[in-house]
Amino acid sequence: MTEHQPFNERYNARTAEPKWQKIWAERGIFTTSNADPRPKYYVLEMFPYPSGRIHMGHVRNYTMGDVVARYKRAMGMNVLHPMGWDAFGMPAENAAIERKVHPKGWTYDNIATMKNQLKSMGLSLDWTREIATCDPSYYKHQQKMFLDFLKAGLVAREYRKVNWDPVDQTVLANEQVIDGRGWRSGAEVVQRDLHQWVFKISDYAQDLLEAIDTLDRWPEKVKLMQKNWIGRSEGLLVRFMLDPATTLNKENELEIFTTRHDTLFGAKFMAISPDHPLAQAAAAKDAKLAAFIAECKKMGTAQADIDTAEKMGYDTGIKAIHPFDANWKLPVYVANFILMDYGTGAIFGCPAHDQRDLDFANKYMLGNTPVVCPPGQDPATFVITDVPYLEDGKMINSRFLDGMTPEAAREEMAKRLEQETRGNRPVGKRQVNYRLRDWGISRQRYWGCPIPIIHCEKCRVMPVPEKDLPVELPEDVTFDKPGNPLDRHPTWKNVKCPQCGGAARRETDTMDTFVDSSWYFARFTDPWRTQSPTDRKVVDHWLPVDQYIGGVEHAILHLLYSRFFTRAMHKTGHVGLDEPFAGLFTQGMVVHETYRDQAGNWVLPAEVKIEGGEGARKATHITTGAPIEIGSIEKMSKSKKNTVDPDDIMESYGADVARWFMLSDSPPDRDVIWSEEGVQGASRFVQRLWRTVGEIAHVKAPAARPAQFSAEAEKVRKAAHRALSNVSGDIEKLRFNRCVAHVYEFSNALNDAIGSTEQAPPPDLAWALREAGDILVRLFHPMMPHLAEECWAALGHKSLVASESWPQAETALLQEQTITLPVQINGKKRADVTVAHDAGKEAIESAVLALDVVKKALDGKSPKKVIVVPQRIVNVVA
RNA sequence: GCGGACGUGGCGGAAUGGUAGACGCAAGGGACUUAAAAUCCCUAGAAGCGAAAGCUUCGUCCCGGUUCGAGUCCGGGCGUCCGCACCA
């Protein structure tokens, strides 16, 4: 048996934590067998990018997952709780450029460091399943699936806009474009069209949308965000004739998509995307238009930039003819806010009922005609100036639509336009549109999974034969020149065409790292398998993930891509289901105060000393003594230096304290403020628990359960079993902050009981105290596993608490004999009434009416109404 | 700009439409100590009344609504935060 610490000393996390971690590892208790017959439970936290060191966000995320894993294990389930590395990505290449280190070396060094950090947290992870997405043994299978998807028609090539840095000769991520300039070069960024590989996620738009409703253990907000992202809209395609006098015969019509065809009589202009073929054709004959389009290309590709940029247009001189009036001509503008990717890249503008159209019309003095009149408003006096009318109403100024609701008007308009034909085709056609675009996966970068394609002059685009997988990244690359190192590698891209044997070149683009993270959860089920990405028997047993936990910043992209990828894997036979994550939890961020010195430089919390409380907090620099300004609380970030290094915390307080603090106070889905005081509070509590358990360890109790318990012993038992019931329920609901509160409550109650006990408590109380001690330790074990092991051993147990089963609450102890109900008179609390816990409504009512306060308030009259809510409250309406 | 959330004491927060402020932090008072740390006990939303036990009024960002009853539901504001397709 292991030596445990004597109770006259403080609990020493520094010696206890490594000791228990070693024992857990030696006994392999967190290694999961795929053959274990017990019911499965798959708990997964979003795997980290190996950026260098773990941060507090990781500590929070992985602690939550670990609580669930340890709890479910105690509940008798076969728990899969793996960990890996989202190891491809740009920071490795940035390090290569800035520090002359190889991305691979940099990444694996980081993994080694972070793995040690995670190990020191005492997480119950199965490290035998560790994977790194940058390992050829992982990405080989990803390449195989790319080829399978290609065969299954799930992959296509499309032109896509990217931010191009003309100096660095590279594509920039949106975050690398700052005020329209490249972050490294400072050069003005231009939009460029690149031929890209895309996954056809839009084929699944309807399915992904509908299936959201089956995800009953996902947060509503995430589901709503995904629905809006997919953005289904039912609208109408309308073909407008172009006035031949204003255009060449070649372009004789313009097709637009609209969801507001009810407002067609409010149209004032047409707007097309700068990338629209008509705009391109017109620009060929109009140098000014060409210049305008070039100007539009200087805008970034980020949606927020497009939406917030000033609305600009260029009148092409082309006129479109209103479908219901041959004499009604609408000017056709090229406008910077029209996207080619959405609908047909062309719209009609109705300024009175759309903000963007109104801004545009006001700028170019195109006027507006309201066609929907608000209820109760006189149409004759209804005018629109700066704010469009977007609500429901009655149609006006709209000929045959007048008087209808907008909804009926849309229906009527669609019907009429569908019936009208021009050139054997209807003028209008109903269409369901999605905002969701196909997923562009091509990246012009080195540190990613190579796309297994060979380009041959003769045979065009050829998949790499499966026997040649993986296509491995060459290691001899340089980062001293602009552009993609793969592209300028002297030999790597030169290959023979697999079909004709002639000279060909490899695809030098690599995959978006979201691809890597779209199936890692499946790979964890059998990471050793070499012949295929998954073993169907194994993967179908483990999936879906029962509880997935990660940051809300992944609410849309990562989760939606994973849902699509799982469907694609299903279609190609790699898994047997569509939805990868049955339960999802999105945790909040870790935030911290910011500090600046007098020169305005950010200062690390570790360098700041805080004194004085309550409004009078003053901060000084720990070494120089210079005054420090305390700033706002913000997300921990390197740039603002408001970070706390988990290593420092674990070194000075221990992993359990860090874990406990991360779980306490804030609800897990909200931000938590890291504060020194809070950590110290957690640290004090660890010592208090240690002392409490020490007291109980000294209590000599009979082996057999006493037949009777005194009131005092009963009180202890009730506190224990109530805490047990509460903590269990709150872990199930992932309400860890309440678990923490209940452990505090229980521990306080236990301390009270011990404090009022003489040296040797009577046998029944002694037994109750020992029972409570055993429950207490098992209750906090998922949150503070090292302390729990130390306490468990101290209580004389030979087993590991990590392998113990979860205690069962005795329901009889949860029910009080009498309950005290608040009594309200007219909704205000005026008294209490104590009744038997199972008292009926009538009994409660008569007890309440007998109260002096109630009698006085009623003043002899009978109450209008008495509302009795069982177990809750009584309200007397006088 | 679009989409999503959040707003409760000095602070983090608790509260199936049912006693607002559990639990913790910080604070104040006391005990122990030569002293400090640690620990333990007590107090604590605001205002007012009372010698006291206690009582009254107000109070969950603001305005309005639904309800016997609203922190919670609905409508409208204000503020803060997150995401927006090549950051992960």
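Note on naming: letters A, B, ... go to the chains in the order of the sequence lines (proteins, then strands), and numbering restarts at 1 for each one. No hydrogens, no waters, no symmetry mates; every other heavy atom, side chains included, goes into these values.
Nearest heavy-atom pair across A:Ala87 and A:Trp447 is O-NE1, 2.9 Å. Here the shortest heavy-atom pairing between A:Pro166 and A:Trp164 reads CD-O, 3.3 Å. Closest heavy-atom contact between A:Leu821 and A:Gln871: CD2-C, 3.7 Å.
As judged by a 4.0 angstrom heavy-atom cut-off over every strand, A:His558 is placed among residues making no nucleic acid contact. Across all strands, A:Arg684 comes closer than 4.0 Å only to sugar-phosphate atoms, never to a base (heavy-atom distances). A:Asn875 comes within contact range of at least one nucleobase, with a heavy-atom separation under 4.0 Å. In this structure, A:Leu224 reaches the sugar-phosphate backbone alone: every heavy-atom distance under 4.0 Å involves primed, P, OP1 or OP2 atoms, never a base. Within the 4.0 angstrom heavy-atom criterion, no nucleotide atom of any strand lies near A:Pro48. Residue A:Ser664 is out of contact with every strand shown, counting any heavy-atom pair closer than 4.0 Å.
In this structure A:Phe746 satisfies the ring pair (Phe, Tyr, Trp, His ring centres under 6.0 Å) test with no other residue, sequence neighbours excluded. Here A:Phe514 pairs with A:Tyr561 under the ring pair (Phe, Tyr, Trp, His ring centres under 6.0 Å) rule; sequence neighbours left out.
As rounded to the nearest Å, B:G10 and B:C63 have C1' atoms that lie 28 Å from one another. Taking atom P on both B:A5 and B:G9, the two are 23 Å apart, rounded to the nearest angstrom. Comparing B:C61 with B:G13, their P atoms are spaced 13 Å from each other, to the whole Å. A distance of about 44 Å separates the C1' atoms of B:C82 and B:G29, rounded to the whole Å. Across B:A36 and B:A27, the matching P atoms stand 16 Å from one another, rounded to whole Å. Nucleotides B:A26 and B:A44 are separated by 12 Å at their C1' atoms, to the nearest Å. The gap from the P atom of B:U66 to that of B:A53 amounts to 41 Å, rounded to the nearest Å. Look at the P atom in both B:C81 and B:G76: the space between them is 23 Å, to the nearest Å.
Remark: B:A5 base-pairs with B:U80. Criterion, Watson-Crick or G-U wobble with two distances under 3.5 Å. B:A51: no Watson-Crick or G-U partner with both key distances under 3.5 Å is found in any strand.
The residues A:Arg160 and A:Asp193 are annotated as not salt-bridged, no charged nitrogen and carboxylate oxygen being separated by less than 4.0 angstrom.
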Nucleotide N/O of nucleotides 80-86 of chain B paired with protein N/O under 3.5 Å:
from	atom 1	to	atom 2	distance (Å)
B:A85	OP1	A:Asn174	ND2	3.3
B:A85	OP2	A:Gln303	N	3.0
B:A85	O5'	A:Asn174	ND2	3.3
B:A85	O2'	A:Arg437	NH2	3.1
B:A85	N6	A:Arg435	O	3.0
B:A85	N1	A:Arg437	N	3.0
B:C86	OP2	A:Arg443	NH2	3.0
B:C86	O4'	A:Arg443	NE	3.1
B:C86	O4'	A:Arg443	NH2	3.3
B:C86	O2'	A:Leu172	O	3.3
B:C86	O2'	A:Asn174	N	3.1
B:C86	O2	A:Arg445	NH2	2.4
B:C86	N4	A:Gln196	NE2	3.0
B:C86	N4	A:Ser442	O	3.4
B:C86	N4	A:Gln444	OE1	3.0

Got a list of protein N/O to nucleotides 19-23 of chain B N/O distances below 3.5 Å?
from	atom 1	to	atom 2	distance (Å)
B:U19	O2	A:Lys829	NZ	3.2
B:A22	O2'	A:Glu745	OE2	2.8

Would you list the protein and nucleotides 44-47 of chain B atom pairs, both N or O, that sit under 3.5 Å from each other?
none

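The OG atom of A:Ser725 sits 9.0 Å away from atom NE2 of A:His742, with the distance rounded to the nearest 0.5 Å.
Spacing between atom CE of A:Met662 and atom C1' of B:G13 amounts to 14 Å, rounded to whole angstrom units. Going from atom CD of A:Gln226 over to atom P of B:A5 covers 14 Å, rounded to whole Å. In this structure, the OH atom of A:Tyr520 is 15 Å from the P atom of B:A88, given to the nearest Å. Between A:Asp730 atom CG and B:A15 atom C1' there is a gap of 13 Å when expressed in whole angstrom units. The CZ atom of A:Phe47 sits 16 Å away from the P atom of B:C87 (whole-angstrom rounding). At whole-Å resolution of the value, CD in A:Glu93 and P in B:C87 are 13 Å apart. A straight line from CZ of A:Phe685 to P of B:C40 spans 11 Å, rounded to a whole angstrom. A:Phe780 places its CZ atom 16 Å from the P atom of B:G24, with the value rounded to the nearest Å.
Note on A:Thr513: a side-chain N or O is less than 4.0 Å away from OP1 or OP2 of B:A88. Within the structure, every side-chain polar atom (N or O) of A:Asn826 is placed at least 4.0 Å from both OP1 and OP2 of B:G69.
Take the nearest nucleotide of RNA chain B for A:Lys311 and for A:Ala682: the residue whose nucleotide is more 5' is A:Lys311.
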Only pairs under 3.5 Å count here: list side-chain donor-acceptor contacts from residues 669-676 of chain A, not counting sequence neighbours, and write none if there are none.
from	atom 1	to	atom 2	distance (Å)
A:Asp671	OD1	A:Met589	N	2.9
A:Ser675	OG	A:Gly678	N	3.1
A:Glu676	OE2	A:Tyr653	OH	2.6

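A syn base is found at B:G9: its glycosidic angle is within 90° of 0.
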Quiz prompt | Intermediate values then yes/no, side chain to side chain contact (heavy atoms under 4.5 Å, CB included), A:Val876 and A:Arg830 | solution = CA-CA 10 Å; A:Val876 180; A:Arg830 287 289 183 258; over 6 Å; no
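Under the 6.0 Å cut-off for aromatic ring centres, A:Trp660 and A:Tyr744 qualify, their centroids lying closer than that.
Nearest nucleotide to the side chain of A:Arg670, out of B:U16, B:G13, B:G4: B:G13.
In this structure the side chain of A:Gln355 reaches within 4.5 angstrom of the side chain of A:Asp359, judged on heavy atoms.
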